[in-house]
Colleague: 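Sharing a structure below in structure tokens format, with a few things to ask.
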Number of protein chains: 2
Amino acid sequence: MGTDSAGTEQRQPVMADVAKLAGVSHQTVSRVLNGAPHVRPDTRDRVLAAIRELDYRPNSAARTLVTRRSQTLGVVSFDSTLYGPASMLDGIERAARSAGYFVSVTSLRSLDGRSVQEAVDRLRDQGVEGVVVIAPQTSSVSPLAKLSSSVPLVAVGSGNQTHVPMVSVSNGYGAGEATGYLLDLGHRTVHHVAGPANWLESRDREEGWRLTLRAAGAPVPEVQRGDWSARSGYQAGLRLARLDDVTAVFCANDHMALGLLRALHEAARSVPHEISVIGFDDIPEAAYFTPPLTTVRQDFGELGRRALELLVGELEGAAPSPAHVQITPEMVVRRSVGPPAWR
Amino acid sequence: MGTDSAGTEQRQPVMADVAKLAGVSHQTVSRVLNGAPHVRPDTRDRVLAAIRELDYRPNSAARTLVTRRSQTLGVVSFDSTLYGPASMLDGIERAARSAGYFVSVTSLRSLDGRSVQEAVDRLRDQGVEGVVVIAPQTSSVSPLAKLSSSVPLVAVGSGNQTHVPMVSVSNGYGAGEATGYLLDLGHRTVHHVAGPANWLESRDREEGWRLTLRAAGAPVPEVQRGDWSARSGYQAGLRLARLDDVTAVFCANDHMALGLLRALHEAARSVPHEISVIGFDDIPEAAYFTPPLTTVRQDFGELGRRALELLVGELEGAAPSPAHVQITPEMVVRRSVGPPAWR
DNA sequence: GGAGGAGGTGTGAGCGTTAACTTGGCGATA
DNA sequence: TATCGCCAAGTTAACGCTCACACCTCCTCC
């Protein structure tokens with residue numbers, strides 16, 4: 001008959017429905033929902049009961065519209081299939097949730113700056129309050145400075161970028177530790193299987209390796225360049241196996257180290273008796289390689305967590321701190337290293 | 001000096017600002033933005049120019065409020081640090097983006113049904129239009145049926161759940177292939193390192209293995225139970241190495257196979273000469289194990305993509321298809337298998 | 001040449017919430 | 001007893017967008 005209440009209305013209940021049922025105004029419902037003071041306990045209870053009865057859910061779009069806060073953070077990542085990015089994402093998500101934020105992710109299809117730009121824009125259009133960028137490529141760092149003006153932004157990765165708040169692992173330090181350890185064992189020098197040239201991690205680890213060799217007065221062999229994959233490590237291994245003065249190799253990550261181990265095995269070069277190998281990351285499998293891999297552990301989850309803390313701090317604290325958090329990696333010694341063979 | 005225009009207002013431009021600048025009504029701006037017909041080309045151009053000049057961004061919360069569409073999908077995953085879930089997430093994100101959706105993720109802290117419930121609720125409160133659940137544990141499947149009434153939902157994993165649309169890999173088939181291959185090579189039977197008992201994948205692979213042995217009249221050895229980690233595979237390997245009638249082992253995933261290889265190597269049991277090993281997943285590193293691992297490949301990215309297609313279909317097509325998409329895995333033969341040793 | 005239709009645009013209402021005011025009690029203070 | 005102030009509510013106005021409709025101008029057709 002009338003215009004309303006034509007029986008069983010199927011639409012979602014809204015605040016007004018709750019208010020009517022509880023016999024209060026919608027504003028009081030809002031107050032209860034937001035934990036505002038000055039609500040009489042019995043009133044609160046009536047409202048809560050009505051909410052439960054109707055299974056009422058606040059509409060987040062409406063709330064966002066008026067408060068201008070979406071409670072959502074964005075994450076831009078590159079290849080979230082890799083162990084590192086995946087773990088960081090996981091850390092970020094956990095930290096975000098406990099800070100009361102949702103996480104919206106988007107992954108990059110290519111490495112260029114425009115792609116990062118697009119991804120951040122996309123996230124921004126969706127209304128995220130801040131963005132964490134996991135994109136440690138040289139090409140994607142410079143655009144960040146511009147972007148950060150449009151939306152609070154934190155980078156996670158490597159490098160000494162001054163413009164953007166960032167949390168990173170001391171890759172150079174870790175690489176130095178690994179290289180130094182091998183030199184201390186008595187190796188004349190240490191070869192290096194590096195990551196892609198345009199990754200900051202890659203560059204920093206290479207630099208750490210190089211500086212340590214120089215400081216020790218050791219010769220600096222030619223770098224074998226890989227792309228983080230086991231496949232590329234394998235190929236680097238085949239090349240290194242042809243040289244016969246190789247007694248120690250530092251790989252920029254564990255996956256390449258795995259490939260290297262494979263290649264050395266095929267070339268009948270014993271690890272660690274003839275050649276020592278150190279990786280980087282300490283992926284969960286590293287301890288089960290043949291032989292178990294000595295490596296430099298970095299805590300990806302912690303990295304993500306810290307990045308999120310930084311972002312939330314920037315968002316909620318008034319301080320627009322352009323901080324740079326450094327996390328120190330730690331070497332884990334396993335059976336893939338030893339003193340050089342006497343011969 | 002009225003109430004408005006006190007100089008350089010810092011607030012974000014809204015549709016009305018664009019309209020004023022272009023000399024049209026806000027509705028025309030909306031039409032241009034949404035590609036509505038019946039807008040004269042030069043009007044459109046003026047509007048577009050105004051948008052660019054002001055760097056106007058539509059407010060998604062406002063749009064969502066009125067259209068009741070958030071353009072956002074939720075993903076619930078368990079341990080997105082693992083290669084499988086991470087790859088699926090990646091596939092889902094890519095597919096979602098090309099279908100015009102954002103992706104909001106949340107990961108489970110524990111396996112129980114209540115935890116899944118909470119995660120989905122959380123996502124729903126945020127206003128997602130649908131949810132993909134990557135949670136192939138037995139404990140989390142039953143709650144899904146109830147949940148699916150409140151929001152469109154698709155599961156990805158395993159099992160023959162009838163209540164919820166799902167996309168899964170034929171785990172039983174893959175396990176059967178692997179087991180059959182080993183039997184065909186002449187092995188008397190095949191041992192099995194299984195995954196956690198409460199995972200559907202685990203259960204289905206174990207069942208495929210068992211059925212194949214039975215069908216071939218082969219004895220069914222006791223199952224070694226692991227937890228997907230290389231560590232647990234290693235421990236299972238130590239146990240199996242003590243038995244001396246073991247000539248073939250099928251592992252429920254590649255990581256456990258890695259641990260197994262390690263244990264067998266330490267026990268001086270040669271693979272494949274004394275013992276053949278097959279894994280499951282074909283992670284990128286499997287080809288570089290020592291020896292390279294024969295395994296059953298499943299395309300996680302494809303899995304995620306298909307799950308998303310299913311969800312979007314349910315969302316946009318009128319058909320509430322309670323489909324069940326099956327993807328067939330494929331065996332990849334490498335050097336970790338061979339005929340049993342004669343002795 | 002007036003009716004009808006289609007293209008092109010403007011007007012007003014409403015989505016569901018929070019923010020800012022307003023209102024009405026009631027006890028404490030002067 | 002009149003006044004102040006605090007508590008506990010209610011009322012109204014945004015927030016920025018889309019939808020439904022009204023309107024105007026041509027053009028076509030009989």
Colleague: Name the closest nucleotide to the A:Val66 side chain, picking from D:dC15, D:dG16, C:dT11.
Modeller: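 Of the options given, the side chain of A:Val66 lies nearest D:dC15.
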Colleague: Taking atom P of C:dT17 as reference, at what distance in whole Å does atom CG of B:Asp125 sit?
Modeller: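 About 12 Å, once rounded to whole Å.
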Colleague: Output yes when A:Arg305 and A:Glu309 qualify as a salt bridge under the 4.0 Å nitrogen-oxygen rule, no when they do not.
Modeller: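 No, this pair does not count.
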Colleague: Counting heavy atoms from C-beta on, name the nucleotide in D:dA9, C:dG12, D:dC7 closest to the side chain of B:His26.
Modeller: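 Per side-chain heavy atoms of B:His26, the pick is C:dG12.
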Colleague: Please walk me through it: do A:Arg97 and A:Glu93 pass salt bridge (charged side-chain N to carboxylate O under 4.0 Å, His left out)?
Modeller: CA-CA 6 Å; A:Arg97 178 162 24 154; A:Glu93 196 278 325; 3.4 Å; yes
Colleague: Roughly, in whole Å, what's the span from CG in A:Asp17 to C1' in C:dT17?
Modeller: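 It is 13 Å, rounded to the nearest whole Å.
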Colleague: With respect to the side chain of B:Arg63, which nucleotide from D:dC7, C:dC15, D:dT18 is positioned closest?
Modeller: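 Nearest listed nucleotide: D:dT18.
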Colleague: In this structure, how many angstroms lie between the P atom of D:dC17 and the CD atom of B:Gln71, rounded?
Modeller: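 One finds 15 Å between P of D:dC17 and CD of B:Gln71, rounded.
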Colleague: On the nucleotide C:dT9, are OP1 or OP2 found under 4.0 Å from the side-chain N or O atoms that B:Thr28 carries?
Modeller: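 The answer is no; no side-chain N or O of B:Thr28 sits under 4.0 Å from OP1 or OP2.
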Colleague: Minimum heavy-atom separation for A:Gly130 to A:Leu311, with atom names?
Modeller: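 Heavy-atom minimum between the residues: C-CD2, 3.9 Å.
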Colleague: Assess whether salt bridge (charged side-chain N to carboxylate O under 4.0 Å, His left out) is satisfied between B:Glu302 and B:Arg306, documenting all intermediate values.
Modeller: CA-CA 6 Å; B:Glu302 172 75 7; B:Arg306 298 290 286 274; 3.2 Å; yes
Colleague: Just N and O in the side chain of A:Asn34: are any of them under 4.0 Å from OP1 or OP2 of C:dT18?
Modeller: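 For C:dT18, OP1 or OP2 has a side-chain N or O of A:Asn34 closer than 4.0 Å.
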Colleague: Determine: side-chain N/O of A:Ser30 to OP1/OP2 of C:dT18, distance under 4.0 Å, yes or no.
Modeller: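 So the side-chain polar atoms of A:Ser30 do come within 4.0 Å of the phosphate oxygens OP1 or OP2 of C:dT18, strictly under.
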Colleague: Is the phosphate of C:dG16 approached by B:Arg68 (side-chain N or O, under 4.0 Å from OP1 or OP2)?
Modeller: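 Answer is yes, contact under 4.0 Å.
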Colleague: Quick one: side chain to side chain contact (heavy atoms under 4.5 Å, CB included) partners of B:Asp17, sequence neighbours excluded?
Modeller: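 Expected list: B:Arg11, B:Pro13, B:Val14, B:Leu54.
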Colleague: Expressed as a whole number of angstroms, how long is the span from B:Ile51:CD1 to D:dC17:P?
Modeller: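 Checked: the CD1 to P distance equals 10 Å.
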Colleague: Round to the nearest Å and state the distance from B:Arg44 atom CZ to C:dG7 atom C1'.
Modeller: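 One finds 13 Å between C1' of C:dG7 and CZ of B:Arg44, rounded.
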Colleague: Measure CG/A:Leu33 against P/C:dA19 and give the value in whole Å, please.
Modeller: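 Whole-Å distance recorded here is 12 Å.
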Colleague: Has the side chain of B:Glu129 got a donor or acceptor atom that lies under 3.5 Å from a matching backbone atom of B:Leu315?
Modeller: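 No, because the side chain of B:Glu129 does not come within donor-acceptor range (under 3.5 Å) of the backbone of B:Leu315.
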Colleague: Output the rounded distance in Å from CZ (B:Arg69) to C1' (D:dC19).
Modeller: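 That distance rounds to 16 Å.
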Colleague: If the cut-off is 4.0 Å, is B:Ser25 near the phosphate of C:dT11, judged by side-chain N/O to OP1 or OP2?
Modeller: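 So the side-chain polar atoms of B:Ser25 never come under 4.0 Å of the phosphate oxygens OP1 or OP2 of C:dT11.
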Colleague: Between D:dG16, C:dT18, C:dG16, which nucleotide gets closest to the side-chain atoms of A:Asn59?
Modeller: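 Within the option list, the nearest is C:dG16.
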Colleague: Rounded to the nearest 0.5 Å, what separates atom CG in B:Leu123 from atom OG1 in B:Thr72?
Modeller: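 One finds 9.5 Å between CG of B:Leu123 and OG1 of B:Thr72.
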Colleague: Can you give me the N/O atom pairs linking the protein to nucleotides 20-22 of chain D at distances under 3.5 Å, or say none if there are none?
Modeller:
unit_1, atom_1, unit_2, atom_2, d
D:dA20, N6, B:Gln27, NE2, 2.9

Colleague: Nearest heavy-atom pair of B:Arg57 and A:Asp125: which atoms, and what distance?
Modeller: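 Heavy-atom minimum between the residues: NH1-OD1, 2.7 Å.
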Colleague: Have a look at B:Thr43 and say if it touches a base, only the backbone sugar-phosphate, or nothing, with a 4.0 Å heavy-atom cut-off.
Modeller: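 The residue B:Thr43 makes sugar-phosphate contact but no base contact.
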Colleague: Round to a whole Å and report the spacing from CD of A:Gln12 to C1' of C:dT17.
Modeller: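 It works out to 15 Å between those atoms.
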Colleague: Find which nucleotide of DNA chain C each of A:Ala16 and B:Asp42 is nearest to by heavy atoms, and output the residue with the more 5' nucleotide.
Modeller: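 The residue closer to the strand's 5' end, by nearest nucleotide, is B:Asp42.
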Colleague: Using a cut-off of 4.0 Å on non-hydrogen atoms, how would the nucleic acid contact of B:Pro58 be classed: base, sugar-phosphate, or nothing?
Modeller: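 Sugar-phosphate: the residue B:Pro58, judged by heavy atoms under 4.0 Å, touches backbone atoms but no base.
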Colleague: Considering every strand and a 4.0 Å limit on heavy-atom distances, what is the contact class for A:Ser60: base, sugar-phosphate, or nothing?
Modeller: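 No contact.
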Colleague: To the side chain of A:Ala62, which of D:dC17, C:dT17, D:dT18 is closest?
Modeller: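 Selected nucleotide: C:dT17.
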Colleague: For the side chain of A:Arg40, counting heavy atoms from C-beta on, which of C:dT17, D:dA8, D:dC15 is nearest?
Modeller: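 Ranking C:dT17, D:dA8, D:dC15 by closest atom to the A:Arg40 side chain puts D:dA8 first.
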